[in-house]
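Notes to accompany the following structure.
The chains referred to below are lettered A, B, ... by the order of the sequence lines, with proteins before strands, and numbering in each begins at 1.
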Amino acid sequence: MSKSEHGAAVDRGNRPLSPHLQVYRPQITSVLSIFHRMTGVGNSIGAVLVAWWFIAAATGREAFAIIDGILTSWIGHLILIGFAFSLCYHLCNGIRHLLWDAGYGFELDEAEMSGYIMLAAAGIFAVSLILIGAFS
Amino acid sequence: MSTDMRTSRAKVRGLGSAKSGTEHFISQRVSAIGLVLLTPFFIIPFAVSLGQPWGDVISTYKSPMNAIIAALFLLAVFHHLKLGLQVVIEDYVHAPALRTFSLLAVKLLATGLGFASAFAVAMIAFSV
């Protein structure tokens with residue numbers, strides 16, 4: 001495939017280009033949107049650990065001890081805390097996206113307000129989840 | 001200048017130039033709604049079970065309600081993340097070989113892990 005097909009070498013003439021991420025001033029709406037993707041990718045990695053945990057539990061005591069050892073180490077705890085925040089963020093912001101898909105909350109002030117509410121809710125849920133995990 | 005270059009037939013079919021995509025969009029949203037409903041019921045027993053002895057974990061997921069919710073959650077999660085990671089790869093990975101390889105890897109791994117983990121939950125639930 002020739003280089004021009006990747007876009008960089010294409011002669012775009014004097015047409016206006018779509019704005020690049022780097023030249024935009026970060027705003028609450030755009031930053032939350034980027035984090036939705038990042039947490040989605042992070043949650044995918046977390047899902048692999050969850051799947052490993054269940055498959056190991058079904059396999060037997062020895063297989064389970066390996067993943068249990070990883071998750072109960074200090075680095076495992078760090079991963080689980082990050083996973084809790086990432087999961088709660090993606091869940092709460094996902095509800096916000098579903099409401100937009102249904103046609104609600106599209107005004108700028110509404111989108112900013114729902115962003116702050118979502119952040120607070122996600123934080124509360126994540127801390128609660130971590131406390132449940134720690135004291136059970 | 002408002003010349004519509006599309007043929008009448010293309011307009012009737014209404015699929016645009018990509019020919020597909022609506023189903024991907026809707027499937028992502030349907031699985032999202034399912035996950036909004038399932039996650040709270042999955043995550044509490046899961047968070048409690050994490051770090052507990054093997055025997056306690058097994059007895060938790062022997063309960064039909066915990067097992068059914070966990071299996072549904074895992075199938076929905078891996079379906080949802082397969083669609084999501086596909087979009088991320090399509091947006092950021094441009095080198096043709098790497099793009100094809102990573103799309104294949106995501107689709108196969110996500111499908112495989114989804115069924116394998118749901119099957120593992122069923123094995124726990126049906127174990128004696």
Side-chain angles (χ1 to χ4, degrees), chain A residues 1 5-8 36-65 67-69 71-73 76-77 80 83-84 87-88 90-95 97-98 100-102 125-126 128-136, chain B residues 25-26 28-30 32-33 35-36 39-40 42-55 57-58 60-61 67 70-71 73-74 77-78 80-85 87-89 91-92 94-97 106 109-110 112-127:
Chain A
M1 192 174 278
E5 283 178 60
H6 295 302
H36 194 69
R37 272 210 163 176
M38 286 167 52
T39 52
V41 175
N43 290 344
S44 305
I45 299 164
V48 173
L49 289 174
V50 174
W52 180 1
W53 188 83
F54 275 109
I55 294 166
T59 305
R61 215 178 274 275
E62 298 78 21
F64 185 73
I67 180 70
D68 188 54
L71 293 180
T72 53
S73 67
H77 282 151
L80 288 172
F83 188 25
L87 187 75
C88 292
H90 199 84
L91 181 67
C92 293
N93 202 41
I95 293 170
H97 272 276
L98 287 172
W100 285 332
D101 290 340
F125 288 148
S128 312
L129 189 58
I130 291 163
L131 291 176
I132 289 171
F135 297 103
S136 61
Chain B
F25 178 93
I26 290 174
Q28 180 113 51
R29 268 80 193 158
V30 171
I33 295 169
L35 285 168
V36 169
T39 305
F42 167 78
I43 208 71
I44 304 284
F46 180 73
V48 170
S49 296
L50 270 181
Q52 286 196 340
W54 180 76
V57 170
I58 296 299
T60 297
Y61 286 99
F73 175 84
L74 289 162
V77 152
F78 278 99
H80 187 77
L81 76 80
K82 175 171 62 187
L83 298 173
L85 289 179
V87 174
V88 172
I89 292 167
D91 281 355
Y92 303 128
H94 302 300
V106 157
L109 281 174
L113 278 177
F115 281 110
S117 56
F119 185 73
V121 174
M123 278 182 70
I124 296 169
F126 293 136
S127 65

Over all heavy atoms of both residues, which pair between B:F78 and A:A51 is shortest? Give the atoms and the distance, please.
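Smallest interatomic distance, heavy atoms only, reads CZ-CB, 3.8 Å.
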State, to 0.1 Å, how close B:A70 and A:F54 come at their nearest heavy-atom pair, and which atoms those are.
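For B:A70 and A:F54, the tightest heavy-atom pair comes out as CB-CZ, 4.2 Å.
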What pairs of residues pass the side-chain hydrogen bond (donor to acceptor under 3.5 Å, both in side chains) test when at least one of them lies in residues 36-45 of chain A, not counting sequence neighbours?
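Every pair satisfying side-chain hydrogen bond (donor to acceptor under 3.5 Å, both in side chains) with a residue in residues 36-45 of chain A: A:H36-A:N93, A:R37-B:D91, A:R37-B:Y92, A:T39-A:H90, A:N43-A:S86.
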Sort [X] into side chain, backbone, both or neither according to what part of it lies under 4.5 angstrom from a heavy atom of chain A.
{"X": "B:T39", "value": "side chain"}
{"X": "B:V57", "value": "side chain"}
{"X": "B:F73", "value": "neither"}
{"X": "B:F119", "value": "neither"}

Donor-acceptor contact present, side-chain B:W54 to main-chain A:A57, <3.5 Å:
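Yes; at least one donor-acceptor contact below 3.5 Å.
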Non-hydrogen atoms of chain B under 4.5 Å away: do they reach the side chain of A:W53, the backbone, both or neither?
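Just its side chain gets close to chain B.
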At a heavy-atom separation under 4.5 Å, does A:I55 approach chain B through its side chain, its backbone, both, or neither?
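When you check distances to chain B, atoms from both the backbone and side chain of A:I55 fall under 4.5 Å.
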Option in B:V77, B:I33, B:L85 with maximal non-hydrogen atom pairs under 4.5 Å from chain A
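The candidate making the most pairs under 4.5 Å is B:L85.
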Would you compute the distance between atom [atom1] of [X] and atom [atom2] of [Y] and round it to the nearest 0.5 angstrom?
{"X": "A:D101", "Y": "B:R29", "atom1": "CG", "atom2": "CZ", "answer": "4.5 Å"}
{"X": "A:W52", "Y": "B:L113", "atom1": "CH2", "atom2": "CG", "answer": "11.5 Å"}
{"X": "B:Q52", "Y": "A:T72", "atom1": "CD", "atom2": "OG1", "answer": "12.5 Å"}

Pick whichever of A:V50, A:I67, A:L80, A:T59 has the most heavy-atom pairs under 4.5 Å with chain B.
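Looking at each of A:V50, A:I67, A:L80, A:T59 in turn, A:V50 comes out on top.
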Over 12 non-hydrogen atoms of neighbours within 6.0 angstrom of CZ in A:F83
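Atom CZ in A:F83 is crowded, with more than 12 foreign heavy atoms closer than 6.0 Å.
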Taking the side chain as everything from C-beta on, heavy atoms only, tell me whether A:L91 gets closer than 4.5 Å to B:L35.
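Heavy-atom side-chain distance check fails, nothing below 4.5 Å.
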List the atom pairs, donor and acceptor, that lie under 3.5 Å between side-chain atoms in residues 128-136 of chain A and the rest of the protein, sequence neighbours left out.
from: A:S128; atom 1: OG; to: A:I124; atom 2: O; distance (Å): 2.6
from: A:S136; atom 1: OG; to: A:I132; atom 2: O; distance (Å): 2.7

